[in-house]
Amino acid sequence: MAFSEFRPLDEKVLIEYIKATPSLSSKLNNNFDNLTIKEVGDGNLNFVFIVVGSTGSFVIKQALPYIRCIGESWPMTKERAYFEALALREHGGLSPDHVPEVYHFDRTMSLIGMRYLEPPHIILRKGLIAGIEYPLLADHMSDYIARTLFFTSLLYRNTTDHKRAVAEFCGNVELCRLTEQVVFSDPYKISQYNHWTSPYLDSDAEAIREDNALKLEVAELKSLFCERAQALIHGDLHTGSVMVTHDSTQVIDPEFAFYGPMGFDIGAFLGNLILAFFAQDGHADEQNDRKAYKDWILRTIENTWNLFDRKFVALWDTNKDSGDAYLPAIYNNPGLLQLVQKKYIKDLLHDSLGFGAAKMIRRIVGVAHVEDFESIADASKRAGCERRALEVAKLLLKERRKFQGIAEVISAIQQVQ
């Protein structure tokens, strides 16, 4: 067999590979005429090929042994493909409407074959930049987040199964370390990879490096991230990891998946929506001041959290006799269970705000930025948008425990715009 060891794919190798792999060739009905193959890996880490034949299609994703956007000077384990495939299958089983199906996984080749999300699916981030409203986004994302987090936590599982699953995903240590570095460390010190809209944000970046109160909070969040194996989280749930149409929402790219704090996923998604909100002024023009769209983003943030809260608690109520976290013999009256749930959700909101804020900061003064801001051509205008986002991020990070609900968060965002 020609594929007994790792080989980076190109078109020719890929066709050979598909022909030798029944789970893929069968998706094309073994028909290789008129095959179109397009490499679309605009991401930071991987090769991504779209394969379309006259009778079927799929996506092939291959992990490279280094960070693609930086090059071979920053090596990176190919094993991340294994954890991505594992997470896609696990999350796909829990939220099949919002996770693309995996057709094939090859550990030696670090290669995943999965459903192709055909046009008009686009990356959510690009839709937000274009000012497109997605009426079902909050409903779909709250569903995905509630189900994947609840069913992989001790609210549903016993500690034996949970520890076994945690141990398996502990192997994804290298990608966790990457997050530890770029989210919780680099923005708060001088680092060769940091950059920002200079010279406009020079003093803002310095202020973050000198802010002791901020560093105290970030240290606490970092230890939560490293130590708290609460649920199987996606680990990189930003608006670039979601593909959407008017009525479909699909979560992709969980290669950073591991057992971590639930708030990291919720915060990543909401924090990226807040970034999109602050970027809108940079995309406004005479035809469209984007005010109505900014209101839609804020409604989506609020609805996503409120729907998540409702769905998560409903899952808990339905499954209150499962899981080792709150044994029914102890938490055996409705009043007590409600107290427990209320505290759990409030703590989760505070975690989510902290993690979301940390993700916002790193996207403005760290290594990897977001297209929402980067596509604003006028640097001084871009810096103005980024500065307002930083102001909110710092507030949310330091004062997160003071917020009683999401409505107060929305008010805080509105006061800064």
Side-chain angles (χ1 to χ4, degrees), residues 44 125 145 149 175-191 193-196 201 204-231 233-241 256-279 301 304-305 347-370 372-373 385-403 406 409 412-413 416:
N44 297 329
R125 194 183 301 287
I145 296 169
L149 297 182
L175 266 71
C176 288
R177 285 189 63 80
L178 181 60
T179 301
E180 289 158 32
Q181 179 187 336
V182 301
V183 177
F184 302 109
S185 302
D186 282 357
Y188 306 93
K189 64 185 178 72
I190 301 272
S191 162
Y193 297 113
N194 287 349
H195 61 101
W196 51 83
L201 295 183
D204 302 76
E206 187 185 1
I208 284 169
R209 297 194 300 270
E210 303 297 321
D211 190 331
N212 291 342
L214 199 63
K215 288 179 175 181
L216 275 177
E217 296 299 341
V218 167
E220 192 174 315
L221 288 166
K222 183 176 181 176
S223 71
L224 254 184
F225 179 83
C226 298
E227 296 161 2
R228 184 148 202 218
Q230 202 174 14
I233 64 171
H234 177 287
D236 198 25
L237 192 58
H238 53 74
T239 51
S241 299
F256 284 81
F258 79 113
Y259 275 77
M262 294 179 180
F264 193 75
D265 270 5
I266 304 166
F269 185 66
L270 298 183
N272 272 263
L273 288 178
I274 300 172
L275 292 179
F277 171 86
F278 282 108
I301 292 168
T304 301
W305 173 263
D347 289 346
L348 196 44
L349 175 66
H350 296 159
D351 289 355
S352 302
L353 295 178
F355 286 125
K359 299 278 274 185
M360 289 169 67
I361 291 169
R362 78 86 155 203
R363 292 296 195 177
I364 297 170
V365 299
V367 52
H369 288 214
V370 289
D372 310 62
F373 291 133
C385 296
E386 290 173 323
R387 183 174 290 117
R388 290 190 285 280
L390 273 181
E391 197 182 320
V392 163
K394 292 200 283 190
L395 171 79
L396 292 180
L397 221 158
K398 292 187 218 176
E399 310 284 334
R400 62 189 184 279
R401 294 173 197 84
K402 292 185 180 163
F403 291 92
I406 196 74
V409 179
I413 295 169
V416 172

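Note that these values count all heavy atoms, side chains included, but never hydrogens, waters or copies made by symmetry.
- By the 4.5 Å heavy-atom criterion applied to side chains, Y193 and V182 are not counted as neighbours.
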Using the side chain to side chain contact (heavy atoms under 4.5 Å, CB included) rule, take W305 and S352 through it: C-alpha gap first, then chi angles, then the decisive distance, then the call.
-> CA-CA 10 Å; W305 173 263; S352 302; 4.0 Å; yes
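- Atoms CZ and CG, on R400 and D351 in that order, are 7.5 Å from each other to the nearest 0.5 Å.
- Between atom CG of residue L390 and atom CD1 of residue I208 there is a gap of 4.5 Å, rounded to the nearest 0.5 Å.
- Q230 places a side-chain N or O within 3.5 Å of a backbone atom of M262 that can act as its donor or acceptor partner.
- Residues G271 and M360 approach most closely at O-CG, 3.5 Å, considering heavy atoms.
- For D372 and R125, the salt-bridge test passes: some basic side-chain N is under 4.0 Å from an acidic carboxylate O.
- Between D211 and K398, at least one side-chain N (NZ, or NE/NH1/NH2) sits under 4.0 Å from a carboxylate O, which counts as a salt bridge.
- Although no hydrogens or angles enter the test, the distance criterion places a donor-acceptor pair under 3.5 Å between the side chain of K215 and the main chain of R209.
- Considering every non-hydrogen atom in both A393 and A357, the closest pair reads O-CB, 3.2 Å.
- Contact of the I274 side chain with the F278 side chain is registered, since non-hydrogen atoms from C-beta on lie closer than 4.5 Å.
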Test side chain to side chain contact (heavy atoms under 4.5 Å, CB included) on F258 and L175 and set out the steps.
-> CA-CA 9 Å; F258 79 113; L175 266 71; over 6 Å; no
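- E180 places a side-chain heavy atom less than 4.5 Å from the side chain of R177.
- Ring orientation note: the planes of F355 and F264 are nearly perpendicular, at an angle over 60° on the 30°/60° scale.
- For the atom pair CD1 of I361 and CG of L214, the computed distance is 5.0 Å after rounding to the nearest 0.5 Å.
- To the nearest 0.5 Å, the span separating CZ on R401 from CG on D347 amounts to 10.0 Å.
- At least one side-chain heavy atom of L353 sits less than 4.5 Å from a side-chain heavy atom of F403.
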Could you walk me through whether I145 and L237 pass the side chain to side chain contact (heavy atoms under 4.5 Å, CB included) test, one step at a time?
-> CA-CA 10 Å; I145 296 169; L237 192 58; 4.0 Å; yes
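- Counting only distance, with no hydrogens or angles, the side chain of H234 and the backbone of F256 share no donor-acceptor pair below 3.5 Å.
- Here the side chain of S241 pairs a donor or acceptor atom with the backbone of D236 at under 3.5 angstrom.
- The two residues A389 and F373 have their closest heavy-atom pair at CB-CZ, 4.0 Å.
- A heavy-atom distance below 4.5 Å is found between the side chains of L201 and R387.
- Of the possible polar contacts, none joining the R228 side chain to the F225 backbone as a donor-acceptor pair under 3.5 Å is found.
- Residues P187 and R362 share a closest heavy-atom pair of CG-CB, 3.8 Å.
- With hydrogens and angles disregarded, a donor-acceptor distance shorter than 3.5 Å links the side chain of H369 to the backbone of H195.
- Side-chain atoms of I233 and Y259, non-hydrogen and from C-beta on, never get closer than 4.5 Å to each other.
- Checking side-chain atoms of T239 against main-chain N and O of L273 turns up no donor-acceptor pair under 3.5 Å.
- Listed here is the closest heavy atom pair of K402 and E399: NZ-OE1, 2.5 Å.
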